[in-house]
**Student:** 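Okay, handing you the structure first.
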Amino acid sequence: MSVEQEKRLVAQYAADMVKDGMRVGLGTGTTVAHLLTALALRRPAVVYVATSPRTHDAASALGLTVDPFDSIDQLDLAIDGADQITPDGWLIKGGGGALTREKIVAASTERFVIIGDSTKLVRELRAPVPVELHPFGLAATLRRLAPTNVRAVALSPDGGVIADYRGEIGEPATLAASLSMTPGVIEHGLFAPELTSEILIAKGAQVHRTNGGTL
Ligand code: 5RP
């Protein structure tokens, strides 16, 4: 089975978790694109919020109604992809530059479900770690975070600069705390296991499902 087929399979599996009446957060990326297609076929009666303009536009084009995430104070379910997933449930996210909104949605939902193909499983996290930086004082922030380079992409929808930290990761919790405490860092793409409720991984024709963010 190809990686693309694994993405489609795991996305279709996750789409069945979406039930009438839920408030649902939609992640960003190519795996989530398959999720949108599956949801457009099933059409459950739910309220959606999107983690990026890309997802908003793709969902809308498929006929899904996406609400702004400004007055809904809690979601029931959010489904998103990941760039790397370790056996103990640490994630790197932000390959698509949507890490800040993705983390806000992950922190705002009852259940945060990660979907991935088998290439996303890693023994330990490797650089780069995506970061979103405040444009003010950018050069000084980059100096504090060295080695970090700005990605050649547009600003985030919130005006942040997307960059990639390329240094040692070491203990993810230590790096996550250090990045969070660095002035100028709006958010980073390290997602702690506590954020995630379930991880779904397609391996060939099977979907492996884990609880509690541990594989
Ligand atoms: C976007 C993300 C994506 O979920 C992550 O990059 C995985 O993407 P894909 O499903 O295309 O492999 O974090 O910011």
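Any value given below was found using the heavy atoms of this structure, including those in side chains, with hydrogens, waters and symmetry copies removed. On a predicted model such as this, the values are computed, not experimentally measured, just so you know. Read the numbers this way: they start at 1 and go in the same order the structure lists the ligands and their atoms.
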**Student:** Taking only heavy atoms of Asp80, which atoms of ligand 1 are found under 4.0 Å from at least one of them?
**Tutor:** 4 (O)
**Student:** Looking only at heavy atoms of Gly94, does any of them come nearer than 4.0 Å to an atom of ligand 1?
**Tutor:** yes
**Student:** Give a yes or no on whether a salt bridge exists between Glu198 and Arg111, defined as a side-chain N under 4.0 angstrom from a carboxylate O.
**Tutor:** yes
**Student:** Below 4.0 angstrom from a heavy atom of Thr28, which ligand 1 atoms are there? Numbered from 1 as shown, please.
**Tutor:**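 Checking each atom against Thr28, I get 1 (C), 2 (C), 3 (C), 4 (O).
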**Student:** Judging by distance only, is a nitrogen or oxygen of Gly96 under 3.5 angstrom from one on ligand 1?
**Tutor:** yes
**Student:** Between Ala127 and Gly167, which heavy-atom pair has the shortest distance, and what is it?
**Tutor:**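 Looks like CB-O, 3.6 Å.
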**Student:** Count the heavy atoms belonging to other residues, nucleotides or ligands that lie under 6.0 Å from CD of Glu168, then report whether that count exceeds 12.
**Tutor:**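 Not buried by this count: 12 neighbours or fewer within 6.0 Å.
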**Student:** Tabulate below the donor-acceptor pairs under 3.5 Å that side-chain atoms of residues 57-71 make, not counting sequence neighbours, or state none.
**Tutor:**
{"from": "Ser60", "atom 1": "OG", "to": "His56", "atom 2": "O", "distance (Å)": "2.7"}

**Student:** Here's a test for you: under side-chain contact (heavy atoms from CB on, under 4.5 Å), which of Thr119, Ile115, Leu121, Asp117 qualifies with Ile201?
**Tutor:**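 Of all the options given, the one that passes is Leu121.
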**Student:** Please identify which atoms of ligand 1 are closer than 4.0 Å to at least one heavy atom of Gly97.
**Tutor:**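 Close to Gly97: 14 (O).
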**Student:** Just checking, is any N or O donor in the side chain of Thr141 or His134 under 3.5 Å from an acceptor N or O on the other one?
**Tutor:**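 No pair is found: no donor N or O on one side chain lies under 3.5 Å from an acceptor on the other.
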**Student:** In terms of residue, atom name and distance, what is the protein heavy atom nearest to atom 12 (O) of ligand 1?
**Tutor:** Lys120 NZ, 2.6 Å
**Student:** Using a strict 4.0 Å cut-off to heavy atoms of Ala82, name the atoms of ligand 1 that fall inside it.
**Tutor:**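 Contacts of ligand 1 toward Ala82, numbered from 1: 4 (O), 5 (C), 7 (C).
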**Student:** List the closest protein heavy-atom neighbour of atom 11 (O) of ligand 1: residue, atom name, distance to the nearest 0.1 Å.
**Tutor:** Thr30 OG1, 2.5 Å
**Student:** What residue and heavy atom of the protein are closest to atom 6 (O) of ligand 1, and at what distance?
**Tutor:** Asp83 OD1, 2.5 Å
**Student:** Can you check which of Arg54, Arg101, Glu102 brings a heavy atom nearest to atom 2 (C) of ligand 1?
**Tutor:**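 Residue with the shortest heavy-atom distance to the ligand atom: Glu102.
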**Student:** In terms of atom number and element, which parts of ligand 1 are under 4.0 angstrom from non-hydrogen atoms of Gly81?
**Tutor:**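 Numbered from 1, ligand 1 contributes 4 (O).
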**Student:** Do the side chains of Asp80 and Lys93 get close enough for a salt bridge, i.e. N-O under 4.0 angstrom?
**Tutor:**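 Result for this pair is yes, salt bridge flagged.
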**Student:** Salt bridge check, Lys19 against Asp76: does any charged N sit closer than 4.0 Å to a carboxylate O?
**Tutor:** no
**Student:** To the nearest 0.1 Å, how far is atom 10 (O) of ligand 1 from its closest protein heavy atom, and which atom is that?
**Tutor:**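 Answer for atom 10 (O) of ligand 1: Thr31 OG1, 2.6 Å.
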**Student:** List every atom of ligand 1 that sits less than 4.0 Å from any heavy atom of Lys7, numbering the atoms from 1 in the order shown and giving each element.
**Tutor:** 12 (O)
**Student:** Just distances here: any N/O of Ala98 and N/O of ligand 1 closer than 3.5 Å?
**Tutor:**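 Such a contact does occur with ligand 1.
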**Student:** What donor-acceptor contacts under 3.5 angstrom involve side-chain atoms of residues 34-41, with partners at least two apart or in another chain?
**Tutor:**
{"from": "His34", "atom 1": "NE2", "to": "Glu4", "atom 2": "OE2", "distance (Å)": "2.7"}
{"from": "Thr37", "atom 1": "OG1", "to": "Ala33", "atom 2": "O", "distance (Å)": "3.1"}

